[in-house]
Every structure is written in C-alpha cells, then in structure tokens.
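Encoded as structure tokens, the structure appears first; notes follow it.
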Amino acid sequence: MPLIALISDVHGNLPALEAVLKKIDSYKPDQWVCLGDVVGYGPFPSECIDLIRDRNIPTVLGNHDAGVSGKLTIKHFRDPNRRLIQKTQELLTEEQLHWLRELPVSLREEDYWIAVHANPIEPLKWGYVDSAIKARNMLHSIDAQLCFVGHTHIPFLVSDQIGISGFNKQHKYLINPGSVGQPRDEDFRASYCIIDTDKWELKIERVEYNTEKVITGLSKMGFTRGESHRLLRY
Ligand code: ZN
C-alpha cells in the first residue's frame with residue numbers, strides 16, 4: 001500500500017490550503033484524499049475548488065459543500081453559517097456548484113480504507129465522531145482497515161482496541177487529519193495527515209500560513225474584523 005496524504009475541512013481558506021499542499025508535496029504521496037468541506041467559512045471557495053480539481057484530488061462531499069450547492073437545505077445551518085453559505089454561493093460559478101453537488105458521499109480502496117466527511121455509518125446525517133468510544137464502535141462495523149473522517153476539525157487517531165498505542169498492521173483505525181482551514185483544537189495552524197502503510201507510520205502535522213489574507217478576504221465579504229477572527233476558529 002502507498003503513502004497517503006489526507007486533508008479535510010479546507011473551508012475556502014486558500015492560504016492554508018497552499019501551505020498544506022506545499023508541505024505534502026515534499027513527501028511525494030502516491031495517493032491524496034480530501035475529506036470534504038472544501039467551501040464554507042473562508043473567502044476563497046472558488047480558488048480552493050479550482051486548486052483541488054487541478055490536482056485531481058479525490059474528494060468526498062461535506063455538509064457545507066452540500067449546503068452551498070443546494071443539496072442540503074439551508075435551514076440546517078444557523079447564522080453566521082447561513083449567511084456564509086449564501087455569500088459563498090455568490091462567489092461560485094454554476095459549474096463549480098455542479099461539481100460540489102456531484103461529489104461522492106464516500107470513497108474506498110478495496111478493504112484498505114474508506115473515506116467519508118462525517119460518519120461512516122450514516123454519512124448523510126452528518127453526526128460527529130467526537131469520542132474514542134464512538135470511533136471504536138464504528139470501527140467494529142466497518143469492513144475496511146482504515147476509516148478516514150473529518151468534520152470535527154480536531155485531529156485524532158483511534159484504534160479498534162482499548163490500550164493500543166501507535167499505529168500498526170494488526171489493528172483497524174479511525175483517522176481524522178484535522179482541518180486545513182479552520183482547526184478547532186486551539187492550535188490555529190493548518191492541519192494534515194501523512195500515512196505510510198508500508199512502514200506503518202502516521203504523522204499529523206501543522207503548518208503556519210498567512211491568516212491576515214483570510215481576515216482581509218472576509219472583510220471584503222462584509223464581515224467585521226472581530227467576526228473574521230472568530231470565523232478562523234469555529
Ligand atoms: Zn467542516
């Protein structure tokens with residue numbers, strides 16, 4: 001099995017995406033997976049979609065992608081997210097909205113891995129896998145060794161068995177690479193994950209990026225500086 005690069009929850013944050021892609025490129029991964037929410041929150045949704053499409057990065061549908069493209073009704077979102085979804089729609093072409101709408105709900109590679117945005121059991125209910133107990137229960141009903149999820153914006157690695165530390169061949173794992181564009185674990189640097197399935201090594205890494213460009217972009221969308229700072233965090 002190859003070297004896999006995982007990214008998730010870019011949320012229209014182009015400076016963060018560019019910084020992450022540059023770092024990941026130095027690993028020369030064999031396979032990339034984007035776990036959805038390419039858009040929503042950040043001011044550069046169109047540029048992020050184009051960059052991911054130019055690189056042919058396989059991508060699953062996130063709840064914000066579904067909201068922006070009209071696949072999920074806007075009543076599922078509260079302000080300021082609802083306002084952001086409407087603003088994001090204005091920044092995208094009909095063709096880009098179509099691309100979002102057509103994203104697959106899940107991707108898989110034989111029995112090796114399965115990828116979804118939120119929850120592998122009921123992917124379109126967008127439930128959060130936010131505890132080790134939930135993650136472990138899910139692993140027991142999944143027929144793949146690795147399960148990749150995003151959605152919580154918090155990186156984690158959970159094995160199918162309590163007391164297993166590290167990452168090794170004998171176990172199943174649920175892996176969340178954290179968020180590129182809006183991390184929610186008090187470390188505001190962009191997050192991504194590299195998995196080497198030959199050596200069974202996993203790294204979740206962080207990279208700094210220019211947040212000022214994002215703040216400026218959000219103020220052009222009509223958000224105050226205070227709102228913009230908050231939008232970078234949750
Ligand atoms: Zn998200």
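We count ligands from 1, going down the list as the structure has it; atoms in each ligand are counted the same way. None of these values were measured; they are calculated from a predicted model.
A donor-acceptor pair shorter than 3.5 Å cannot be found between the side chains of Y112 and Q31. A donor-acceptor contact closer than 3.5 angstrom is absent between the side chains of Q145 and Y173.
For the residue pair V116 and S106, the shortest heavy atom distance occurs at CG1-CB, 3.6 Å.
The structure places CH2 of W32 at 5.0 Å from CG of L21, a figure rounded to the nearest 0.5 Å.
In summary, no N, O or S atom of H117 is located under 2.8 Å from the Zn ion (ligand 1). Residue side and main chain included, H153 places an N/O/S atom under 2.8 Å of the Zn ion (ligand 1).
Its N, O or S atom nearest to the Zn ion (ligand 1) is what matters here, and for D37 that atom is OD2. Considering just the N/O/S atoms of D9, the one nearest the Zn ion (ligand 1) carries the name OD1.
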